[in-house]
Amino acid sequence: MKILGIETSCDETAAAIVEDGYKLISNVVATSMLEHAKYGGIVPEIAARSHIESIIPVIDDCMKQAGLDFKNLDGIAVTYGAGLGGSLLVGVETAKTLAISKNLPLYAINHVEGHVYANFLTDTDIDNLVMAKQQPEFPMLALIVSGGHSQIAYFRDHFDYTLLGQTSDDAVGEAFDKVAKLLGLPYPGGPNIEIAAKDGDPNKYILPKARLSGKYDFSFSGLKTAVLRLAQAEVGKSYDFPSFELSGLLSERQKADISASFLKTSIETLVDKVVMAESEFSPKTVVIAGGVAANSELRKQLSARLHTKLQYPDFKLCTDNGAMIAALGCFKAIHKQETSDPYNLQINPNLSM
Ligand code: KG4
Ligand code: ZN
């Protein structure tokens with residue numbers, strides 16, 4: 001069972017082939033990240049144009065790396081939501097065309113569910129990828145954290161899960177990106193906050209953890225605003241001082257301390273909820289997924305506080321990729337889940353879990 005996975009929901013144009021839901025045969029990711037960096041965040045029009053330029057070369061490359069022809073494939077899986085409309089369209093229309101012209105079944109994949117399945121990849125001949133030794137066992141608790149999502153879900157089995165909670169405003173990755181921008185650190189914020197925080201004191205500033213009525217829900221917009229107010233106060237300015245002028249006034253020490261304090265609070269907020277869900281649901285495995293799952297502090301705090309086995313993907317498979325989409329596509333095919341009509345599949349930018 002070999003499935004080609006196509007992912008274009010944000011700024012990565014990605015394609016991969018996975019065999020039987022565990023073996024990654026080829027994996028190609030082209031990113032337009034550098035084109036967005038100067039704007040401090042993703043510009044949807046730039047992302048969409050870049051997907052159009054990259055999608056065919058990326059799929060070609062992926063097929064060549066695998067040494068396969070389309071007739072060797074058993075299906076095509078594609079992200080149809082959630083994501084940026086213009087970006088999703090490029091992947092979905094390409095996948096539909098391929099499914100029709102190569103006469104292959106088409107599997108429509110929810111991007112957030114896809115992230116979880118990066119944890120099911122356990123084998124590859126591709127260099128520099130560290131795979132988990134075994135697939136996660138059910139019941140499984142999943143924390144999905146990225147620039148677009150912050151969710152906790154409880155999986156009883158494949159295709160049988162309950163969403164326990166999610167963010168009511170910003171995703172945690174977005175908070176990393178916005179705080180980084182305020183401090184004058186480059187995009188993407190997550191890795192750059194981690195670097196800046198290394199020289200900082202995580203206990204220098206007390207930042208708020210949001211309390212919400214939904215036990216497992218998150219909110220990160222208050223934390224983001226608290227960092228803005230803190231930075232304004234640190235340089236002796238009032239709340240109407242423009243955020244884009246702050247980084248020039250903050251010292252390197254202040255930036256490091258703010259980064260470290262923000263990192264501590266944001267990660268603790270995530271970890272507190274996972275620990276609470278662990279004690280309520282007693283899962284056999286806890287997995288983390290999404291761009292923020294690359295964060296070392298998150299991995300460290302979870303390893304220290306959980307009693308359950310913790311799994312996470314290789315750093316390269318935490319951020320958006322085609323491998324996770326192909327892996328979930330394989331499970332859909334193996335479990336005889338419904339296929340999509342390649343003449344009718346529509347994107348759904350607001351798709352939820
Ligand atoms: O999964 P992803 O590639 O795209 C979305 O689906 O959103 O995640 C990108 C997000 C960005 O917000 C980025 O700042 C964050 O993941 N990120 C990190 C780290 N690496 C990437 N956040 C915290 N620590 C990291 N090391
Ligand atoms: Zn993602």
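First listed ligand is number 1; within each ligand, the first listed atom is number 1.
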Answer yes or no: is there an ion pair linking Arg305 with Asp272, defined by an N-O contact shorter than 4.0 Å? yes

Tell me: protein heavy atom nearest atom 22 (N) of ligand 1, and distance? Gly190 CA, 3.2 Å

Counting from 1, what ligand 1 atoms have a heavy atom of Gly173 closer than 4.0 Å? 12 (O)

How far is atom 17 (N) of ligand 1 from the closest protein heavy atom, and which atom is that? Gly291 O, 3.5 Å

Give a yes/no on ligand 1: does His111 have at least one heavy atom closer than 4.0 angstrom to it? yes

Which protein heavy atom lies closest to atom 7 (O) of ligand 1, and at what distance to 0.1 Å? Gly147 N, 2.9 Å

Indicate the ring-plane relationship of His335 and His158, choosing parallel, tilted or perpendicular according to the 30° and 60° boundaries. tilted

Atom 3 (O) of ligand 1: closest protein heavy atom, distance to 0.1 Å, is Asp320 N, 3.1 Å

Geometric class of the His149/His111 ring pair [parallel <30°, tilted 30-60°, perpendicular >60°]: tilted

What atoms of ligand 1 come within less than 4.0 Å of a heavy atom belonging to Ala294? 26 (N)

Measure the distance from atom 5 (C) of ligand 1 to every protein heavy atom, then report the residue, atom name and distance (to 0.1 Å) of the closest one. Ser146 OG, 3.3 Å

Look at atom 26 (N) of ligand 1 and say which protein heavy atom is nearest, naming residue and atom and giving the distance to 0.1 Å. Glu194 OE1, 2.9 Å

Is there a nitrogen or oxygen of Gly148 sitting under 3.5 Å from a nitrogen or oxygen of ligand 1? yes

Of Gln166, Met353, Glu113, which meets side-chain contact (heavy atoms from CB on, under 4.5 Å) against Ile144? Met353

What N/O/S atom of Asp320 is the closest to the Zn ion (ligand 2)? OD1

Taking NZ, NE, NH1 and NH2 as the nitrogens, is one of them in Arg253 or Asp257 under 4.0 Å from a carboxylate oxygen of the other? yes

Parallel, tilted or perpendicular: ring planes of Phe120 versus Phe331, cut at 30 and 60 degrees: perpendicular

Honestly, for Asp177 the part within reach of ligand 1 (heavy atoms, under 4.0 Å) is side chain

Tell me, which protein residue and heavy-atom name are nearest atom 24 (N) of ligand 1, and how many Å apart are they? Asn295 ND2, 2.9 Å

Is any side-chain heavy atom of Asn119 closer than 4.5 Å to a side-chain heavy atom of Pro136? yes

Mind checking whether Cys10 has a heavy atom under 4.0 Å from ligand 1? no

Please determine whether the number of non-hydrogen atoms from other residues, nucleotides or ligands lying under 6.0 Å from atom NZ of Lys209 exceeds 12. yes

Please name the pair of heavy atoms, one in Phe220 and one in Ser150, separated by the smallest distance, quoted to 0.1 Å. CE1-OG, 4.1 Å

For ligand 1, which atoms sit closer than 4.0 Å to a heavy atom of Thr319? 1 (O), 3 (O)

Evaluate the ring planes of Phe281 and Tyr216, with Trp represented by its six-membered ring, and classify them as parallel (under 30°), tilted (30 to 60°) or perpendicular (over 60°). tilted

So does Asp125 pair up with Lys23, basic N to acidic O under 4.0 Å? yes

Which of the atoms of ligand 1 are close to His149, meaning less than 4.0 Å from one of its heavy atoms? 6 (O)

Metal site the Zn ion (ligand 2): N/O/S of Cys10 inside 2.8 Å: no

Hey, which atoms in ligand 1 end up nearer than 4.0 Å to a heavy atom of His115? 1 (O), 6 (O)

